[in-house]
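Below is one structure, written out as structure tokens; comments come after it.
Numbers restart at 1 for each chain; the letters A, B, ... are given by sequence-line order, proteins then strands.
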There are 2 protein chains.
Amino acid sequence: MKTQNIPKATIKRLAVYIQVLTGLKRDGVEVVSSEKLARACSVNPSQIRKDLAYFGEFGVRGVGYYVHELIASIKHSLGVDRVWGCALVGVGNLGRALLRHKEFALRGFSIRAAFDCDPYKIGEIVSGLEVVCTRQLKSRVDELGLEIGIISTPPERAQRAANYLVEGGLKGIVNFAQARIQVPKEITVEYVDFTHHFYSVAFNVSSSD
Amino acid sequence: MKTQNIPKATIKRLAVYIQVLTGLKRDGVEVVSSEKLARACSVNPSQIRKDLAYFGEFGVRGVGYYVHELIASIKHSLGVDRVWGCALVGVGNLGRALLRHKEFALRGFSIRAAFDCDPYKIGEIVSGLEVVCTRQLKSRVDELGLEIGIISTPPERAQRAANYLVEGGLKGIVNFAQARIQVPKEITVEYVDFTHHFYSVAFNVSSSD
DNA sequence: TCGTGTGAACCGATTCACAGCC
DNA sequence: GGCTGTGAATCGGTTCACACGA
């Protein structure tokens, strides 16, 4: 394992490799070469070998990669071979959908608390979780093992939600709100906006005419 | 407008600029410099000027950019200053959440048809749309003005959904399914996977210890 | 022989620095 | 004077090409 600075793009691709490898495993494939995997992921074979080389030597020369082992190795490298405790802030339409989305738990991201500052929502049960006042966040962090925050508030309340999460000591944030947030630089933030993907498609379709 | 090949990263950033500019407009800001905008977007000021230069000259030297005009110019450049007709394939949990998500329509992506191959779902009304057999897709394309396809099927059915969309003549696909798909190269595909963002956060938090 | 792992070459995107214009 | 627009320089990531090991 090299402690070099690993490209952000590599991390994104590793997530894709897991997705494709999981599909191969489902289809009963046990060994795969970087070339075959590359085709399925629409990337260059050397790209895959380079990406994996940042974390170790997972392949067998002349053979390829054992699918099951490679999945485990990549998950370990990413730090997703364990369960992460998550806190959601903002129980609106999107927040409810996220709370009900089972995929997160299946992939090791366990939403253990739902916060909102609206008194009408506090006390409500959504997907088995009681909505709690956001001010209570800090007091629940240790108890519930909260590590990653999810922001699903309206844009004008995203910064306040972020402040609560930072103050609570969470080190990572996934922000679904339609707003950028400012946090100390040691906190990791990922922005999720589905419509960005629609914009990309719209642009490509428009310019291909 | 330069017909050069525009970096994919530029397109992603333009979507971010729209988001931030919309926030500034909401706060009553009328003019912004590339430096101020850059700070809010966490990018380099020259980056913004370069990105915009691909599409035209939108700024005023010595002054900056007029927020309202710039939003309109970027939207026009991206081709999102009009309404796009969308078709959704796969009415499971995720599909239902997407159909109910109002943000798409607000941003000009109007979901006008919902398809599924499960006979138990066909005929059901979700968010005002009747679920129709996927085989009917092609016959509805012209009638409803369908241009962009949304895949929200289980992974093993994603490719079949893609085939229907391609056969129907749609030119762009936003794929929420947990699987890569193969389509003719003239078709644009964007992959959406929330858990990828969680993986990035998990990795960064893990490696910062 | 076949396919991985990796230094070297390449390519594209980001940043710099300043000319050009309000 | 101030900020945009843009060629030039820089930086980082991708691809190539081949040595190495099963």
Side-chain angles (χ1 to χ4, degrees), chain A residues 1-17 20-21 24 29-74 77 200 203-204, chain B residues 1-17 20-21 24 29-74 77 200 203-204:
Chain A
M1 161 106 184
K2 293 151 191 177
T3 325
Q4 305 165 227
N5 49 336
I6 294 159
K8 241 196 93 184
T10 290
I11 304 303
K12 297 271 171 210
R13 280 192 299 268
L14 289 177
V16 174
Y17 303 159
V20 171
L21 287 164
L24 290 174
V29 178
E30 292 186 351
V31 183
V32 71
S33 66
S34 61
E35 197 185 321
K36 287 222 182 76
L37 182 57
R39 212 177 349 250
C41 299
S42 308
V43 299
N44 184 296
S46 338
Q47 184 77 83
I48 293 186
R49 299 200 295 273
K50 251 289 136 74
D51 285 339
L52 297 176
Y54 285 115
F55 299 95
E57 305 198 359
F58 304 129
V60 182
R61 294 178 193 220
V63 179
Y65 301 88
Y66 291 100
V67 172
H68 181 77
E69 280 183 24
L70 187 54
I71 294 173
S73 301
I74 297 177
S77 302
S200 289
F203 171 71
N204 282 302
Chain B
M1 160 109 183
K2 291 150 191 177
T3 325
Q4 305 165 229
N5 47 336
I6 294 157
K8 243 196 92 184
T10 290
I11 303 303
K12 296 272 171 211
R13 278 191 302 269
L14 289 178
V16 173
Y17 303 159
V20 171
L21 288 164
L24 289 174
V29 179
E30 293 187 350
V31 183
V32 70
S33 65
S34 60
E35 197 185 321
K36 288 223 182 73
L37 182 56
R39 210 177 350 250
C41 299
S42 307
V43 300
N44 185 296
S46 338
Q47 183 78 83
I48 292 185
R49 299 199 296 272
K50 222 354 76 105
D51 286 339
L52 296 176
Y54 285 116
F55 299 95
E57 306 198 0
F58 304 127
V60 182
R61 294 173 194 223
V63 179
Y65 302 89
Y66 291 99
V67 172
H68 181 78
E69 281 183 23
L70 187 54
I71 293 173
S73 301
I74 296 178
S77 302
S200 289
F203 171 71
N204 282 302

Nearest heavy-atom contact between B:Phe203 and A:Ser77 is CD1-O, 3.6 Å
Between A:Cys41 and A:Tyr17, the two heavy atoms sitting closest are SG-CD2, 3.7 Å
Does some side-chain heavy atom of B:Arg13 sit less than 4.5 Å from a side-chain heavy atom of B:Asp51?
yes
For the residue pair B:Ile74 and B:Leu21, establish whether any side-chain heavy-atom pair is separated by less than 4.5 Å.
yes
Would you mind telling me which of B:Thr10, B:Leu70, B:Leu37 makes a side-chain contact (heavy atoms from CB on, under 4.5 Å) with B:Leu52?
B:Leu70
Below 3.5 Å between N/O atoms, which protein atoms pair up with nucleotides 1-4 of chain C? Just atom names and distances, please.
unit_1: C:dG3; atom_1: O4'; unit_2: A:Gly62; atom_2: N; d: 3.2
unit_1: C:dT4; atom_1: OP1; unit_2: A:Ser34; atom_2: N; d: 2.6
unit_1: C:dT4; atom_1: OP2; unit_2: A:Ser34; atom_2: OG; d: 2.7

Does atom NZ of A:Lys12 have more than 12 heavy-atom neighbours, drawn from other residues, nucleotides or ligands, at distances under 6.0 Å?
yes
Produce the list of close N/O pairs, under 3.5 Å, pairing protein atoms with atoms of nucleotides 13-15 of chain C; give distances to one decimal.
unit_1: C:dT14; atom_1: OP1; unit_2: B:Arg13; atom_2: NH1; d: 2.8
unit_1: C:dT14; atom_1: OP2; unit_2: B:Arg13; atom_2: NH2; d: 2.9
unit_1: C:dT14; atom_1: OP2; unit_2: B:Gln47; atom_2: NE2; d: 3.3
unit_1: C:dT14; atom_1: O5'; unit_2: B:Gln47; atom_2: OE1; d: 3.0
unit_1: C:dT15; atom_1: OP2; unit_2: B:Gln47; atom_2: OE1; d: 3.4
unit_1: C:dT15; atom_1: O4; unit_2: B:Lys50; atom_2: NZ; d: 3.1

Can you tell me which residue pairs pass the side-chain hydrogen bond (donor to acceptor under 3.5 Å, both in side chains) test with a partner in residues 57-69 of chain A, sequence neighbours excluded?
A:Lys25-A:His68
